[in-house]
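Shown next, in structure tokens, is the structure this report addresses.
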Amino acid sequence: MTPNLTSSCPIPINEYPNVLLAHGGGGRLMNALIEKMFAAAFDNPFLRQRHDAAVLPCNGQRMAFTTDSYVVKPLFFPGGDIGTLAVNGTVNDLAMCGARPLWLSVAFILEEGLPMEMLWRIVHSMQQAAAVAGVQIVAGDTKVVDKGKGDGLFINTSGIGMMEHGLSIAPQSVRPGDVVLINGDVGRHGMAIMSVREGLEFESTIESDCAPLADVVQMLLDSDVEIHCLRDLTRGGLSSALNEIAETAQVQIDIDENAVSVCEEVRGACEILGFDPFYVANEGRFIAFVPERDLDRALAVMNLQSLAFTGSVIGSVSAGSPGLVTMKSKIGARRILDMLSGEQLPRIC
Amino acid sequence: MKYIDEYRDAIAAEQLAEAIRLITTRSWTIMEVCGGQTHAIVKFGIDELLPKDVTLVHGPGCPVCVTPLELIDKAIHIASQPGVIFCSFGDMLRVPGSKTDLLAVKALGGDIRIVYSPLDAVKVARENPEKHIVFFAVGFETTAPANAMAVFQAHREGLNNFSLLVSHVLVPPAMKAILSSPENRVDGFLAAGHVCTIMGCAEYEPIAKKYQVPIIVTGFEPVDILQGIYLCIQQLEKKRAEVENQYTRAVRSEGNASAQRLIHEVFCVIPRKWRGIGEIPQSGFGLSEKYANFDAERRFDVTNCSAEESSECISGLILQGIQNPKNCSAFGTRCTPEHPLGATMVSNEGACAAYYRYRREKA
């Protein structure tokens with residue numbers, strides 16, 4: 001049967017006739033673009049999963065497949081560089097489905113004039129990150145664009161991993177009564193980038209939290225924790241991840257602001273710039289939805305010294321209003337924790 | 001003392017809320033002027049801690065929200081010119097003009113840059129002598145000294161390729177306009193803390209006396225705002241009408257003298273149009289004659305920019321505290337942060353944006 005292909009643009013021209021930076025911000029605008037244009041055009045049951053990686057059948061087993069592109073500026077920042085991000089970001093997307101990451105492809109888009117020394121530093125970072133994460137880079141591509149057309153370097157990585165368990169780790173598995181766990185404090189990566197980009201200096205340098213998450217997920221699975229859903233907190237921060245899951249799973253999520261840790265340097269930087277740490281990007285943090293009976297076991301794993309994470313409970317799931325995320329504020333009142341509309345913009349006064 | 005921790009302390013907040021409950025014997029309406037205070041109230045749920053007798057209404061203290069539509073259109077026109085680098089604080093980029101906004105101009109290739117300080121715009125001017133750099137100088141008195149410094153520096157260096165598109169407004173005339181309105185129901189004010197850091201508290205005394213309203217200079221954290229409300233109600237219950245400073249850690253009664261000198265060197269007081277309210281005499285800053293060459297409205301031909309407001313948008317009534325965002329028929333439906341009809345939904349400090357982000361319930 002021929003698919004019903006429509007040629008009229010799903011995003012009305014009187015709304016946004018051109019792509020805006022906000023369409024890449026991880027918030028509402030980006031989600032609308034993905035839903036209305038990409039997902040609608042490419043629709044199939046695998047895409048409808050809407051998770052960090054697609055879970056595909058492969059000779060009786062389940063394979064996870066994902067892709068991500070890295071356009072960060074500056075290329076180097078405290079705690080990492082675009083190379084570490086490119087490896088860990090894709091490794092983490094695979095881990096968030098509960099897959100063991102195995103193989104990555106890497107595509108470089110290099111800007112004419114990029115110093116070789118800089119490229120080597122990044123490649124070396126990727127080599128090290130891949131070794132730590134236990135993945136092999138097995139395919140690649142290289143393109144060069146004219147000077148002025150590439151911001152130094154863009155990287156795409158795609159990844160394949162295998163599921164070695166029978167769980168369906170996806171938003172659809174989230175249930176009322178589940179608890180929400182996190183593996184550490186929020187806001188480090190975004191503020192580390194901001195500090196370098198804007199030339200801001202603080203008493204202590206804010207370092208990105210960029211880190212692979214495959215090991216901690218594997219340990220949770222090995223400890224028989226019935227993981228319902230995992231999501232790493234990248235663009236749009238903790239708040240966007242919670243909202244996306246609440247929406248996809250059609251549940252209400254309630255969290256406690258006092259339970260979410262923000263380190264002092266990040267708090268200070270956010271206060272000066274007028275940013276909310278709950279919307280700031282992270283690269284080594286994830287949330288886990290598990291049944292309450294598995295809470296203690298999950299926390300024990302997440303707090304293992306060898307992992308250098310700090311696991312804690314930040315909230316719970318209820319049947320309430322589907323898609324709603326609420327937060328109990330520091331002074332005790334409850335309010336909506338909304339999805340970000342576009343980009344977070346710095347304060348004026 | 002870290003200030004953020006102490007002034008967000010839940011126990012202190014509850015104690016103040018209890019103290020407010022104990023001294024309130026009748027209904028009072030209090031207006032906070034500053035958009036940052038509006039957001040803190042809605043974000044932290046401060047109004048929910050107060051007794052039912054205390055009503056908080058939100059004032060026109062969001063400089064982004066009160067920038068007239070024509071000025072947004074002028075900004076868009078200037079930013080679209082070839083050879084122009086248009087520098088602005090982030091929030092202004094999303095405010096809808098008559099047809100489009102600055103973000104859309106950026107998407108089409110306009111060189112529009114977000115800066116954190118007007119001095120960054122001066123730096124861009126130094127580094128790009130072949131281009132003309134315009135800085136969108138928006139704000140109340142708080143940002144005026146930095147903007148004045150930018151012009152002062154540019155003048156001293158003889159930079160010919162730098163100008164300001166000025167949209168400065170002043171708090172006291174706005175308060176007077178609200179208090180003079182026949183629809184006014186405000187009993188007391190929380191004055192904008194950071195405005196007073198610059199300007200001091202003296203200009204509020206004649207207002208308190210003439211209109212017999214207490215005016216409390218207040219900070220921005222939840223405990224600040226609760227303390228401000230407490231002091232205001234304390235005065236109202238005792239029929240006092242004085243200026244009081246809650247925000248003593250950042251405000252001296254004489255303000256910042258050097259900042260004031262710089263402002264008076266570079267700017268002069270002029271009438272200004274406030275979006276949604278109309279023209280208020282002597283309510284804004286414009287560049288003084290000595291620095292007229294740095295006025296972007298004079299450097300660019302922007303005389304043909306006329307503007308039409310959305311007929312549905314009631315942000316004018318919201319900015320005067322007469323209506324609440326939830327009373328608007330378009331709120332959350334035809335008017336959302338992604339598709340704002342007016343500036344109060346766009347700006348981080350706008351009342352409509354605050355209610356939308358923190359209070360509206362999903363269906």
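To find a chain, count down the sequence lines: A is the first, B the second, and so on, and within it residues start at 1. This is a predicted model, so every value here is computed, not measured. These numbers come from the heavy atoms of this one structure, side chains and all, not from hydrogens, waters or symmetry mates.
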Exercise. What residue, out of Glu48(B), Lys43(B), Glu14(B), has the most heavy-atom pairs lying under 4.5 Å from chain A?
Worked result: Lys43(B)
Seminar exercise, completed: If one checks every heavy atom of Leu108(B) against chain A at 4.5 Å, the contacting part turns out to be side chain
For this session: Consider only side-chain N and O atoms of Thr38(B) and Glu32(B), and report whether a donor and an acceptor are under 3.5 Å apart.
Result: yes
For this session: Report yes if some heavy atom in the side chain of Phe140(B) is under 4.5 Å from a heavy atom in the side chain of His194(B); otherwise report no.
Result: no
For this session: Establish, yes or no, whether the cationic atom of Arg197(A) lies under 6.0 Å from the six-membered ring centre of Phe77(A) and within 45° of the ring axis.
Result: no
Problem set entry | Val122(B) vs Arg126(B) side-chain heavy atoms within contact, under 4.5 Å | yes
Problem set entry | Asp120(B) versus chain A, the contacting section by heavy-atom distance below 4.5 Å | neither
